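Heads up, the thing below is written out as structure tokens.
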Amino acid sequence: MAASECPVKKANIGGGGTRNRDWWPNDLRLNILRQHTGVTNPQNKEFEYAAAFKSLDYDAIKKDLTDLMTNSQEWWPADHGHYGGLFIRMAWHSAGTYRVTDGRGGGGEGQQRFAPLNSWPDNVSLDKARRLLWPIKQKYGSKISWADLYLLTGNVALESMGCPTFGFAGGRADTYEADESVYWGGETTWLGNDIRYDSGREGPRGGGGGVVDGDEGPKKDHADIHSRNLEAPLAAAHMGLIYVNPEGPDGIPDPVASARDIRTTFGRMAMNDEETAALIVGGHTFGKTHGAASSDNIGPEPNAAPLHQQGFGWKNKHGSGKGPDTITSGLEVIWTSEPNKWTNKYLEYLYKYEWELTKSPAGANQWVAKTDDEIIPDAFDPNKKHKPRMLTSDLALRFDPTYEKITRRWLDHPDELHDAFTRAWFKLLHRDMGPRSRWLGPEIPKEVLIWEDPVPDVDHPLINDTDITELKKEILATDVEPTKFIRAAWASASTFRGGDKRGGANGARIRLDPQINWKVNNPSDLKSVLSALEGVQKKFNGSAPGGKKVSLADLIVLGGVAALEKASGLPVPFTPGRTDASQEQTDAQSFTHLEPVVDGFRNYGVGTNRVRTEAFIVDKAHQLTLSAPQLTTLIGGLRALNANWDGSSYGILTKQPGKLTNDFFVELLDMSTEWTPTDGSEEFFEGKDRKSGSKKWTATRTDLIIGHHPELRAVAEVYAAADAEEKFKKDFIAAWDKVMNLDRFDVR
Ligand code: HEB
């Protein structure tokens, strides 16, 4: 069958045929809310990865990995007799998809074994790296996940080449299907970048009120490599690359422009200039690039390759197709004369030589030292030597003035490079793991790092049930309207994002910069709530027997619990044990990425002409790890509780706001109401009585999507039914409790 024919649409079994996505490409999709549920996971329900990892013989697996480094296999021979470079690249490409903008990507799920990542043009030959690991994975089974194994292997590779690391933590449970929640870009061709650089989509973030990546900015020529802006939340310059084009922006060998792309993309990965330079210098101290011949020699990527290749892709018909004939990036560079050793030679050569533009055997732009020094050993032929070579992106570290300052210092202070590299490498591998309470294994560094978003340990007895009852009374006895406690608790806990497990109520960072001033948090109201809670805290902590204390973080959640119990007439669970972080423990800049620009749970903000408002509620629900029913329950309940960010009446479809009822669903599905838009972009609506024409309600797109989307409406119907009031309340409380405790890895 010709590759251009699409057999799937013609198939009449196995899920073939024309699908909803084909008919209505713009339909709101809820699929990301049902990923990684039990049915895709072959492990038993009771399986707990943390427990399994604790039974791993850590020293034994590290020894096996060390042995593997130099155990060259006939089917994929090791360059210079050592797989270290290949494995470092595997680990870096696994973790390096992380972006701080939305917390997605990264090495936390073992996603490199699924499409699209397994088939990205930047991941050529990593299919071989992962297979080299199979005997070790097979030996240790479920005691180590692929996710942990990829990264641990990179760490062991460094150590085996004389680069002691900063440490390692396990704890990344595998997923068993492709993660569809990550926006990798809108382009439909590999290595395309026409959408991500189109018309300044980077846009303002965190401005409040809505615009995320609007097309408002001045129209930019996407080809202008000196000024273009990369669309948020992306962190790569091309579809299918981890970061930047090694040949220079769009293939143009301009080291300074390359530095600009590097700064943007590594910045999106949460790396500053020093961390970025350290990673590249340290990484390219090892290994080689592969471009023995034209890329025309390689076959389709794993996902498009014939079935008999069993997951291998990029079959190479040049020569032996491996070893000296390998084609990966199409570039042919070995950076140092000792590519299996931690040395300072990358920087020594970078500065010692002047560089001349040349082409790899595959025809790609790269640089060669202007010298007769043939000092680089060939990877396979002991009789061959090469001149030093570099990529355009390597020269960026010398020709960009800021990177130059940093890298020249390391030229004279290799110990500082080692410290910077190993710290940045540790951050790269662990940035998306969330709090230290999730970290496992014997190699966890003692030093606490700011990017962990640390919270203090509990150093005092916790409040008990009697105290909790008493404190709830005290909270409700303040002169703050109960709904405001609900809003504050929600504002505090709902910053959590499942992607990198940052945010959440622990730490009470809502009282710190920048969260205290986020528009979505309604700062003036929030401050009055916090000062009331501080009053309660002061009184309790000043007089509680036995040194008992309550944190503000706990009180913020408890305020919501107290108000919700009052509003529902039902008990609401509460688990104490949160502590209060200080401003010094908080990287304020890094927290700006957690600011919601549109938050449908609080009816805050509107979408753009590219992203409709309702897509944001699905995105937010995904960050909160909610299912579609939980999303629906929470919207209905929060509206009933009158919890809009600014106290507005949009979507408050009830005569008794502040009480937990299923009124929102009942009214939304009531056929006597007719809805019409009140603005041109159809963001706001009013509901009139069909007969009398009298105005009953106002609502937003987020409210009305519940009645429009067939699957959300199906859930709403369950909650609007006459027999559902009690079920609704219980489901709401359960979903609420889930959100309040999303970051409580310490008690899970
Ligand atoms: Fe790299 C390799 C690019 C960063 C580490 N890299 C490589 C290559 C290329 C590149 C093209 C080749 C591939 C083949 O094989 O062919 N990089 C690049 C870029 C960047 C980078 C563009 C940004 C700027 N790296 C990096 C980092 C790291 C690294 C960050 C870590 C840390 N790499 C690496 C290694 C290697 C590479 C180790 C080698 C591999 C082997 O040996 O195999």
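When a ligand or atom number is given, it counts from 1 through the structure's own listing order. The structure presented is a predicted model; accordingly, all values stated were derived computationally and were not measured.
- Salt bridge Asp432/Arg104: absent, no basic N to carboxylate O contact under 4.0 Å.
- Using cut-offs of 30° and 60° for the angle between ring planes, the Trp439 and Phe426 rings count as perpendicular.
- Using a 4.0 Å cut-off to heavy atoms of Ile88, the atoms of ligand 1 that qualify are 38 (C).
- Only the backbone of Lys288 comes within 4.0 Å of ligand 1, judged by heavy-atom distances.
- Between His93 and Tyr150, the distance from one ring center to the other does not fall under 6.0 angstrom.
- Around atom 1 (Fe) of ligand 1, the protein contributes the following N, O or S atoms under 2.8 Å, ordered by chain and number: His284 NE2.
- The ligand atoms of ligand 1 that sit less than 4.0 angstrom from a heavy atom of Val244 are 22 (C), 24 (C).
- Under the 6.0 Å cut-off for aromatic ring centres, Phe421 and Trp342 qualify, their centroids lying closer than that.
- Counting heavy atoms closer than 4.0 Å to ligand 1, residue Ser329 contributes atoms from both its backbone and its side chain.
- Within the listing of ligand 1, atoms 42 (O) sit less than 4.0 angstrom from a heavy atom of Gly287.
- Counting atoms of ligand 1 from 1 in the listed order, those under 4.0 Å from a heavy atom of Phe266 are 23 (C).
- Other residues, nucleotides and ligands contribute at most 12 non-hydrogen atoms within 6.0 Å of the NZ atom of Lys63.
- With ligand atoms numbered from 1 in the order given, ligand 1 contributes 32 (C) to contacts under 4.0 Å with heavy atoms of Trp425.
- Against a heavy-atom cut-off of under 4.0 Å, Leu331 is close to the following atoms of ligand 1: 11 (C).
- Heavy-atom contacts of Trp335 reach the following atoms of ligand 1: 2 (C), 7 (C), 37 (C) (cutoff under 4.0 Å).
- Residues Trp92 and Phe87 keep their aromatic ring centres 6.0 Å or farther apart.
- The closest approach between a heavy atom of Phe87 and any atom of ligand 1 is not below 4.0 Å.
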